[in-house]
Structures are given as structure tokens and as C-alpha cells.
Amino acid sequence: MDYQFKDIEQKWQQFWAENQTFKAEDKTTKPKYYVLDMFPYPSGAGLHVGHPLGYIASDIFSRYKRLKGFNVLHPMGYDSFGLPAEQYAIQTGQHPAITTEANIATYRRQLDQLGFSFDWSREVRTSEAGYYKWTQWIFMQLFNSWYNKAADKAEAIDKLVEHFEQNGSAGIDAVCDEEILSFTADEWKALSNEAQQAELLKYRLTYLRESTVNWCPALGTVLANDEVKDGFSERGGFPVEQKKMMQWSMRITAYADRLLKGLDTIDWPEPLKEMQRNWIGKSVGALVRFAVEDKSEFIEVFTTRADTIFGTTFLVLAPEHELVASLTTPGQKEAIDNYIAQAKKKSELERMADAKTVSGAFTGSYAVNPLNGEKIQIWIADYVLAGYGTGAVMAVPSGDQRDYLFAKQYLLPIIPIIDIQNIEKEADPTKEGHYINSGFINGLTYKEATAAVVAKLEELGAGKAKVNFRMRDAIFGRQRYWGEPVPVYFKDGLPQLIAEADLPLVLPEVDKYLPTEDGEPPLARAKGWNYNGLEYELSTMPGWAGSSWYWFRYMDAQNDTAFASPEAIAYWRDVDLYIGGSEHATGHLLYSRFWNKFLKDIGKTAEEEPFKKLINQGMIQGRSNFVFRMIDEVGRATNTFVSHGLIKDYRVSPLHVDVNIVENDVLDINKFKQFRSDFADAEFILENGKYVCGVEIEKMSKSKYNVVNPDVLVERYGADTLRMYEMFLGPLEQSKPWNTNGIEGVFKFLRKFWRLFHDDAWKFNVSDAEPSKAELKSLHKIIRKVEEDVERFSFNTSVSSFMIAVNELTDLKSNKRAILQDMVIILSPYAPHICEELWTMLGNPAGHTLLYSIP
RNA sequence: GCUCAGAUGGUGGAACUGGUAGACACGCAGGACUUAAAAUCCUGUUCCCGUAAACGGAGUGCGGGUUCGAUUCCCGCUCUGAGUACCA
């Protein structure tokens with residue numbers, strides 16, 4: 001029989017499902033290997049051809065590892081809380097759980113037809129109570145913990161309380177809020193319970209605090225920094241503004257240093273590590289205190305160039321700085337007020353747009369340089385950011401270009417401080433040379449000077465060495481419905497955890513998915529929803545909560561007494577290979593590392609890093625096709641279409657055309673006439689009897705008619721062909737446009753492979769004769785090549801090698817069992833259905849992934 | 001601006017540690033089979049010169065360098081993509 005991919009694929013998919021062929025074992029002496037894909041958000045649009053790329057690669061690798069004798073965990077699930085289902089619910093009144101369920105069904109069908117070897121018995125869905133019970137549980141552990149810098153790990157909050165009771169606040173080195181109380185043991189004990197709780201909140205790893213947040217009015221919720229791009233929400237593209245709100249946050253900054261250091265221990269793409277390094281933004285420098293002249297106040301600045309302190313000719317505060325009002329003299333009040341009003345009006349975007357225009361205002365006050373007693377002016381300017389460092393800088397115009405421009409604009413002095421500095425046209429931030437005009441560090445080099453200045457500042461009590469991070473604590477609350485409820489209620493205005501026995505705190509029903517009239521989150525609509533009469537927290541957790549620990553749940557997905565059993569965690573430990581997109585660099589991947597480290601600190605997990613090796617699969621872009629509609633003399637669109645090669649001779653306007661009615665850039669004219677009713681009587685100006693379309697690379701999207709659905713390709717060529725074609729397209733990590741041209745080549749290859757086992761009449765015909773030298777040579781070449789390729793994730797080259805091998809064996813008219821049986825095994829990770837079929841036709845038992853190993 | 005990645009035929013790409021550039025596939029051209037088409041098979045296909053072949057010349061974004069030898073290593077530049085953006 002000819003190659004009947006449809007029957008073969010259906011048959012084996014059913015067999016694998018019924019026999020749970022790919023179920024990972026929990027008790028085995030085999031070495032473990034954990035292959036993880038980034039689980040999808042099940043959107044309404046279903047999968048397009050770009051989504052499975054990473055899944056195919058991970059599936060090939062998983063199947064390969066099984067052949068190599070590993071006990072492979074290769075699970076799949078759904079990140080099923082999220083905004084689109086909720087937006088849809090707002091529009092239609094349909095409960096998000098219902099649309100989510102329907103979308104998951106579509107995803108599952110699409111995934112199944114590709115023949116993935118997922119262990120579905122371990123499926124997780126973040127929106128199910130059985131799962132989010134443990135997301136809430138982790139939240140509670142974070143609430144019950146503080147970060148002990150001395151031990152460099154998270155510890156139980158009870159230990160902190162114990163310390164307070166015995167020693168007061170002395171001897172505690174914690175990551176905490178800035179305004180903490182200093183007290184003795186007796187003073188602590190004398191505090192009311194409320195006061196104690198309020199104080200502890202400043203230490204907890206998840207805490208409630210008034211903070212400036214990214215508020216998105218259109219979405220009606222706050223967003224985390226990584227969910228905002230250029231002043232607009234990442235989802236939906238709505239404007240985002242800054243607003244002060246009481247908010248739940250995660251003290252991820254406690255882990256900043258460990259998150260940074262850990263990067264050196266993991267096998268991740270360098271650009272991704274670089275992105276995380278930049279996001280964490282560690283900078284080593286010093287805090288310097290400048291006293292304000294004739295006032296008791298002082299201004300603290302952060303600088304990475306303490307050595308340049310003698311070049312400081314003014315101070316600049318952010319317009320939002322808390323001391324601005326008190327520093328402003330009566331004479332300068334109007335100027336300052338005007339400036340602040342003006343700065344406030346500017347949106348984030350405008351502020352970035354005029355990065356080059358310099359503006360600011362003088363407060364009228366003066367500060368004193370702690371090292372030389374110089375009196376310098378205090379200004380405000382929006383080039384200083386309130387959110388970074390202390391919101392104030394010491395301006396050294398000779399060394400910093402921003403300060404330089406500012407000094408030029410407002411005629412402030414510029415003092416050179418290094419002998420080789422050239423400051424005629426711009427600032428010179430050099431670290432070479434020796435210091436001048438710099439008091440006691442004159443003549444020293446950069447290294448010596450920095451150390452000397454910091455030592456002197458410490459001696460004078462005017463400063464100290466300080467490491468600063470750009471990363472902020474992560475805002476954790478969302479004023480939305482479709483997310484995990486926060487397991488907290490309020491008593492006397494203070495947050496309290498609900499009892500662990502009351503988990504999960506189930507998402508209540510509401511009449512509408514919108515905020516209430518007085519602006520409270522949707523959960524305020526829930527009738528009778530309270531904790532023994534006390535009010536629950538009304539915000540829900542952000543999208544990244546559920547995905548920050550899901551790889552642990554796969555280890556033991558059904559467990560009802562722990563997020564995963566200690567035995568399961570001790571065996572599976574961490575993810576050996578993680579495949580997914582680089583768009584999660586500063587969100588999911590950072591939060592996951594954070595939670596992983598926390599869970600290790602509290603003794604629940606085994607490894608410091610969750611994902612040993614990570615590969616970014618490239619984005620599959622859309623490849624749009626265009627037709628060219630002729631424009632007549634008066635500028636009206638006609639119903640005549642000009643082939644691409646001829647458009648220079650006509651006036652035309654390009655029009656997207658559905659890529660599914662175009663093959664190799666040639667338009668199917670009949671299908672085009674049915675594409676839209678007004679094209680029914682379209683006319684064409686052809687070249688060589690064909691209508692050739694234009695091409696452009698764009699994002700894959702419905703509106704551009706360039707979405708290619710895998711269902712269509714599976715229907716036409718089968719899953720094995722699609723799997724191999726996606727790999728054949730190019731290196732996994734590289735972004736590339738999808739182009740269905742060429743899939744025929746892979747299909748032909750599989751058919752040719754099939755034919756090796758059959759005679760001219762398509763009758764199964766395999767010989768038991770001894771293979772020739774040439775045949776053995778081909779076989780050994782391909783085995784070696786494919787092993788090398790898989791180990792370095794070069795799947796595209798192994799597909800080529802398979803083609804070469806099959807071409808060679810076809811030329812040799814080889815039909816020897818000794819050759820073909822091994823070919824089946826090495827090809828099986830790539831094209832599992834056809835291989836399983838041929839494997840059984842050769843007389844072997846089915847389900848060979850468990851039984852056989854690589855030759 | 002800064003950081004990172006990349007640039008090879010008509011197209012996707014290969015050449016892994018410096019050793020025959022263009023594997024494999026698509027497309028295209030020609031041919032076989034067919035009444036015809038599809039499917040299938042065969043041949044050719046980097047460019048230039050040459051009727052064709054042998055042969056000759058050029059060639060991996062551009063300009064230099066190291067080397068017996070460079071797509072590969074080094075320096076400078078151009079362009080494309082991604083990330084980031086007044087971070088003191």
C-alpha cells in the first residue's frame with residue numbers, strides 16, 4: 001500500500017493514548033530527564049503554525065532521550081488565567097471558565113494531532129482550584145517569611161519575632177522597607193498587636209504597601225513593570241499612568257544578588273542572561289549625604305563615581321522628591337511650582353521623546369559638599385528619576401554628559417578633575433589619568449581615589465559604600481476577576497492570612513466582570529463572600545503567579561497534601577531542558593527563578609536554579625501575499641489585478657490576499673474569485689500565464705490574512721511531514737518567516753522512505769539478506785550524524801541527513817531488514833507515526849520507545 | 001544612544017575545531033511516461049565569458065589585516081532584527 005499517513009497517524013495516536021505509552025515513571029532506576037515547554041495561554045484563536053515549533057523540538061529531544069534509556073518527564077498544561085478570557089467575559093457575560101474550557105479543548109485537539117509524547121496524566125491548569133490552592137499556599141509562605149541578609153536566605157517570620165522579643169531590632173540585617181522602627185525588646189513587647197503587625201509587614205516577602213504603580217485605566221488594573229512597554233500596556237496597547245495605591249508586592253529585590261549570580265551557573269542563551277542582568281541592574285557605588293545650608297535637612301545621593309565628588313558643582317533632585325517643597329525658597333516658589341506642574345503633565349512618552357531638551361528650576365537653597373565645604377545650588381529637573389537610587393544626584397558636569405548639558409544651559413560651573421580630561425565640547429567620563437582640583441585625592445588614580453573618598457565619607461559619617469539595583473519589587477495585585485484570589489482577609493485594617501486548612505480560597509461567582517460603581521475590583525460584587533464576617537482582599541494575583549512554580553506541579557500533579565511530594569522533588573529536582581520564547585526574559589523567567597530560590601530556602605525544593613538549560617525557539621513570522629489592484633485615471637479602484645512582475649507599468653494599490661489560496665506565490669485565481677464576493681468577476685493581467693503575488697514579512701495575524709493553521713497542513717500532508725518540515729525550516733533559535741513552499745519536499749522524503757520497504761506494486765517487501773558495505777556505510781553515517789545533531793539541537797541538519805541517507809539507500813535499492821530497522825529507530829523521534837507503523841510491520845511489538853534503544 | 005544577534009544563489013538554508021563554498025530542499029528550465037493533465041521519474045540550475053562542453057575568470061554585506069590557505073580569526077564600516085533607554 002502507498003503511504004497512508006491519515007490512517008497510520010490516527011491509529012498510533014490512539015494506541016499511545018490508550019496504553020499511556022509516554023507516562024513517566026516515578027519509581028525507577030533509570031536516570032531522569034525533564035524536558036519542559038513553556039505552557040500556553042489557551043487563546044480563542046487556537047494554534048497557528050508558529051506555536052508548535054518549540055513543542056516539536058522538545059518532543060524530538062524527549063523521544064531521543066527515551067531511546068537513550070532515560071526516564072523522561074515531558075508534560076504539558078495550560079496557563080489558563082488571563083486577561084483575554086476576562087475581556088471576552090465582560091463583552092458577552094460568558095463566564096471565563098467556560099470559554100477557557102472550550103479553548104483548552106481546541107488546543108488539546110490540535111496538540112494531539114501532532115503526535116506529541118506528552119504525559120497527559122500530569123496535565124495542569126493554573127485556573128483550577130486544585131492547582132491554585134498551591135499558588136495561594138506559596139503566597140502564604142512568602143507572607144510568613146523575611147529575608148535575613150546575614151544568612152543570605154529567607155527565614156520564617158516567627159524567627160524574626162523571636163529576635164525582636166529577645167533583642168529588639170538590634171542585630172537584624174534584613175531586606176525590608178526603608179522606614180523601619182528601631183526598638184528594644186521591651187519597646188517591642190509594649191507595642192500593640194496592630195503596631196507589631198504593621199511593623200512586620202515591612203519585612204514580609206509579600207507585603208502590602210502604598211506604592212507608585214502602573215495604572216492602566218482602560219484595563220482597570222495595575223500592571224507590573226515588565227507588562228508595560230513604552231508607556232503602554234503590553235496586552236491591548238492601552239496608555240498607562242503612574243498612580244499611588246495600596247498594593248500587594250513581592251520582595252523580589254531581596255534575591256537580586258542571587259538572581260544575578262545564578263546566571264553564571266546556568267546554560268542559557270547569552271542574550272537572555274544579558275537581558276536579566278540589565279533588568280536587575282546592579283551598580284556598585286556610594287551614598288553621599290549633602291547637608292543643606294542653614295537647614296537641618298540633608299540630601300542623600302547615590303553615585304557610582306564617588307571619586308568625582310570634587311567636581312560636583314550642583315545637586316539635582318527629581319521633581320517628585322519629598323524635600324522639594326521644604327527646600328524651595330519663597331522667591332523661587334513660583335518657578336518651582338510651574339516646573340513641577342509642567343513635568344507632571346508630560347506623559348512618560350513625551351518625557352522620553354524630549355530626552356535631549358534640558359529643563360529644570362532652581363530651588364533657591366544651597367547644599368554643602370561634605371569633603372570641601374563648597375556651597376552649591378540645589379536644582380530640580382526631570383532628567384533625574386524619582387524611582388531610581390535616592391531620587392537625587394550630585395551633578396558632576398565635567399564627567400557626566402547630562403550634567404554637562406544642564407550646566408551649559410543654566411550657566412553653572414564646570415570643573416575639570418582629571419589631568420587628561422577634555423571637556424571643551426562634552427563631558428569626559430574617563431577613569432584614566434590623575435586627579436586635579438580634588439583636595440586630598442589630587443594625583444591619585446581612579447582606583448585609589450574611589451577607595452580614599454569612600455573611606456573619608458565613612459569617617460565623616462557623610463556617606464558609605466552602597467550597591468544599588470535597578471530592579472524594583474514586583475507589584476502582585478490585579479484589580480481583575482480571572483485570577484487567583486489572594487488568601488487574605490482584613491482585621492482592623494491589617495491583612496491576615498486565612499487558615500491553611502481553608503485553602504483553596506475559591507474564586508467566587510459575580511454578576512458582572514467589571515469593577516463596582518465606586519471603583520472596587522470585580523470581586524467586591526461577590527455576594528456573601530467573606531471570612532467569618534471579615535472582608536477578603538479583593539484584588540487577584542497577576543498572570544505570572546501560576547506560572548512561577550508550575551514545573552514542580554508536573555512532578556506530582558495529583559497531590560492533595562503538598563504542591564509536590566518531597567520524594568517526587570528529590571527525584572525530578574529541576575528542569576534539564578526548557579524550550580520557549582525569549583519574550584519571557586524579564587517576566588516569567590525571573591519570577592520563576594525567584595520563587596524557586598524561595599522554595600529552596602524554606603526547605604521545600606532541591607535546587608538553586610529551576611531550569612538548567614534553556615533554549616529560545618525563534619519567532620515564526622507571517623509571510624503575507626499581496627495582489628495589486630489597478631487604479632484608473634481618476635484614481636478609482638478597478639476590478640483588474642496586475643501580476644507582481646508587471647506592476648511598474650501600472651498604477652496599482654496592494655491588497656492583502658489570504659496566503660491559503662496562494663501557492664509558491666502564484667495565486668489560485670478561481671479561489672480568489674470566491675475569496676470576496678466583489679472579486680467574483682475580477683480580471684487579471686498575467687505574466688507567463690500566471691498571477692504572481694507580492695510578498696512581505698509581517699507579524700502573523702488574522703487581519704493580514706497570513707495565518708497558516710497546522711490543521712490544514714496535517715490534513716494534507718500528515719503530522720510527521722509537518723513535524724519534520726518545521727524542523728527543516730532552519731535553526732531552531734532563529735526567527736524566520738513561515739513559508740509553506742517546500743513542505744512537498746519533506747512529504748516526498750517520507751514517501752520515499754516508505755517505499756524502501758515496498759516493491760513497485762506497493763507490497764511490503766523486506767529482505768533478510770546480509771547488507772552490503774555501501775549500505776552499512778550509509779547507515780552508520782546517518783546514525784552518527786543524527787546523534788551529533790540532536791545533542792546540539794541542530795534539528796534542521798539532521799532532516800537533511802535523513803534525506804541524503806534515504807536517497808543513497810534508494811539508489812542502492814536497499815530493502816535489508818538489518819539496515820531499515822535501525823533507520824526506523826533513529827527516525828522515530830522526528831516522524832514517530834510512520835516509524836511506529838513500519839516498526840510493527842517489521843514484526844516488532846508496538847510502543848517501541850519503551851523497549852528499544854538507539855543502535 | 002547603549003547591549004546582543006545576524007548578513008552565503010531566485011528562496012529556506014548547509015559547510016560543527018581555518019582546508020574542494022553553495023549539502024539538503026523549494027523554485028525554475030528541459031526531458032521521460034500520458035490522448036492530455038496531475039502524480040511520478042530523469043537531467044540541469046551561484047554569477048560572468050563561451051553556440052554547447054572542456055576550460056577560464058569572479059564570488060559568502062563593504063574596506064583592510066593575520067595565514068600556505070578565511071564564510072570561519074582580528075580591526076574598521078554599512079545594513080537588518082531583537083532588547084533597553086535620561087539608572088547618576
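Chain letters run A, B, ... following the sequence lines, proteins first, then strands; residues in each count from 1.
- If you take CZ of A:Phe728 and C1' of B:C24, they are 5 Å apart, rounded to a whole angstrom.
- Look at the P atom in both B:A15 and B:A82: the space between them is 25 Å, to the nearest Å.
- In this structure B:A52 sits in no base pair that meets the Watson-Crick or G-U test at under 3.5 Å.
- When the C1' atom of B:A5 is taken as reference, atom CE of A:Met619 falls 15 Å away, rounded to whole Å.
- Across all strands shown, nothing is found opposite B:U34 as a Watson-Crick or G-U wobble partner with both distances under 3.5 Å.
- In this structure, A:Phe793 has its ring center closer than 6.0 angstrom to the ring center of A:Phe61.
- The six-membered or imidazole ring of A:Phe362 lies away from that of A:Tyr410, with a centre-to-centre distance of 6.0 Å or more.
- Taking atom P on both B:C16 and B:C73, the two are 11 Å apart, rounded to the nearest angstrom.
- Across all strands shown, nothing is found opposite B:C87 as a Watson-Crick or G-U wobble partner with both distances under 3.5 Å.
- Taking the six-membered ring for Trp and thresholds of 30 and 60 degrees, A:Phe406 and A:Trp379 have ring planes more than 60 degrees apart, a perpendicular arrangement.
- With B:C24, B:A15, B:U84 as the choices, the nucleotide that has an atom nearest any side-chain atom of A:Thr797 turns out to be B:A15.
- Taking a cutoff of 4.0 Å between a charged side-chain nitrogen and a carboxylate oxygen, A:Arg792 and A:Asp789 qualify as a salt bridge.
- Comment: A:Glu715 engages A:Lys6 in a salt bridge, judged by a side-chain N to carboxylate O separation of less than 4.0 angstrom.
- Taking for each of A:Asn796 and A:Asp403 the nucleotide of RNA chain B with the nearest heavy atom, the 5'-most of the two is the partner of A:Asn796.
- Taking the ring centroids of A:Trp754 and A:Phe5, they lie at or beyond the 6.0 Å cut-off.
- Residue A:Asn616 has no polar side-chain atom (N or O) positioned under 4.0 Å from OP1 or OP2 of B:A5.
- Among the atoms of the strands shown, none is found under 4.0 Å from any heavy atom of A:Pro737.
- In this structure, A:Tyr830 atom OH and B:C24 atom C1' are separated by 14 Å, rounded to whole Å.
- When Watson-Crick and G-U wobble pairs are counted only if both distances are under 3.5 Å, B:G59 pairs with no nucleotide at all.
- For A:Ser801, no side-chain nitrogen or oxygen approaches OP1 or OP2 of B:A23 to under 4.0 Å.
- As rounded to the nearest Å, B:U67 and B:G1 have C1' atoms that lie 37 Å from one another.
- Of all nucleotides present, only B:U3 satisfies the Watson-Crick or G-U wobble test against B:A82, with each distance under 3.5 Å.
- For the OP1/OP2 pair of B:G81 and a distance below 4.0 Å, the side-chain nitrogens and oxygens of A:Lys736 include no atom meeting the criterion.
- B:U17 is unpaired under the criterion used here, namely a Watson-Crick or G-U wobble arrangement in which both key atom distances are under 3.5 Å.
- When the nucleotides B:C87, B:A88, B:A25 are ranked by their closest atom to the side chain of A:Thr303, B:A88 comes out on top.
- One can place CZ of A:Phe749 at 15 Å from C1' of B:A23, the figure rounded to the nearest angstrom.
- Partner assigned to B:G22 is none, using Watson-Crick or G-U wobble distances below 3.5 angstrom.
- Rounded to whole Å, the distance from CD1 on A:Ile309 to P on B:A88 is 17 Å.
- Annotation: of the two residues near RNA chain B, A:Asp789 and A:Tyr388, the 5′-most nearest-nucleotide partner is A:Asp789.
- When the nucleotides B:C24, B:C86, B:C41 are ranked by their closest atom to the side chain of A:Lys748, B:C41 comes out on top.
- The side chain of A:Arg751 approaches B:U40 more closely than any other nucleotide in the set B:U40, B:C86, B:C16.
- Here, B:G57 and B:C49 have their C1' atoms 8 Å apart, quoted to the whole Å.
- A salt bridge links A:Arg277 to A:Glu274: at least one charged side-chain nitrogen sits closer than 4.0 Å to a carboxylate oxygen.
- The C1' atoms of B:G83 and B:G9 are separated by 32 Å, rounded to the nearest whole Å.
- Between B:C87 and A:Arg402, a contact under 4.0 Å exists linking OP1 or OP2 to a side-chain N or O.
- Both cation-pi conditions hold for A:Arg289 and A:Phe298: the charged atom is under 6.0 angstrom from the six-membered ring centre and inside a 45 degree cone around its axis.
- Rounded to whole Å, the C1' atom of B:C41 lies 30 Å from the corresponding atom of B:U51.
- The separation of B:G18 from B:C68, taken at their C1' atoms, amounts to 12 Å, rounded to a whole angstrom.
- Atoms OH (A:Tyr3) and P (B:U40) sit 14 Å apart, rounded to a whole Å.
- The side chain of A:Lys785 approaches B:C16 more closely than any other nucleotide in the set B:C16, B:A88, B:C24.
- Atoms CG (A:Asn278) and P (B:U3) sit 10 Å apart, rounded to a whole Å.
- Between A:Gln734 and B:G12, a side-chain N or O to OP1/OP2 separation shorter than 4.0 Å is absent.
- A distance of about 11 Å separates the P atoms of B:U60 and B:A70, rounded to the whole Å.
- Pair check for B:A70 finds none; no Watson-Crick or G-U wobble contact set falls under 3.5 Å.
- Glycosidic torsion of B:G9 falls within 90° of 0, placing the base in syn.
- Among the heavy atoms of the strands, none lies under 4.0 Å from A:Asn468.
- Nucleic acid contact class of A:Arg472 (heavy atoms, under 4.0 Å, all strands): none.
- Between the CD atom of A:Glu788 and the P atom of B:A14 there is a distance of 16 Å, given to the nearest Å.
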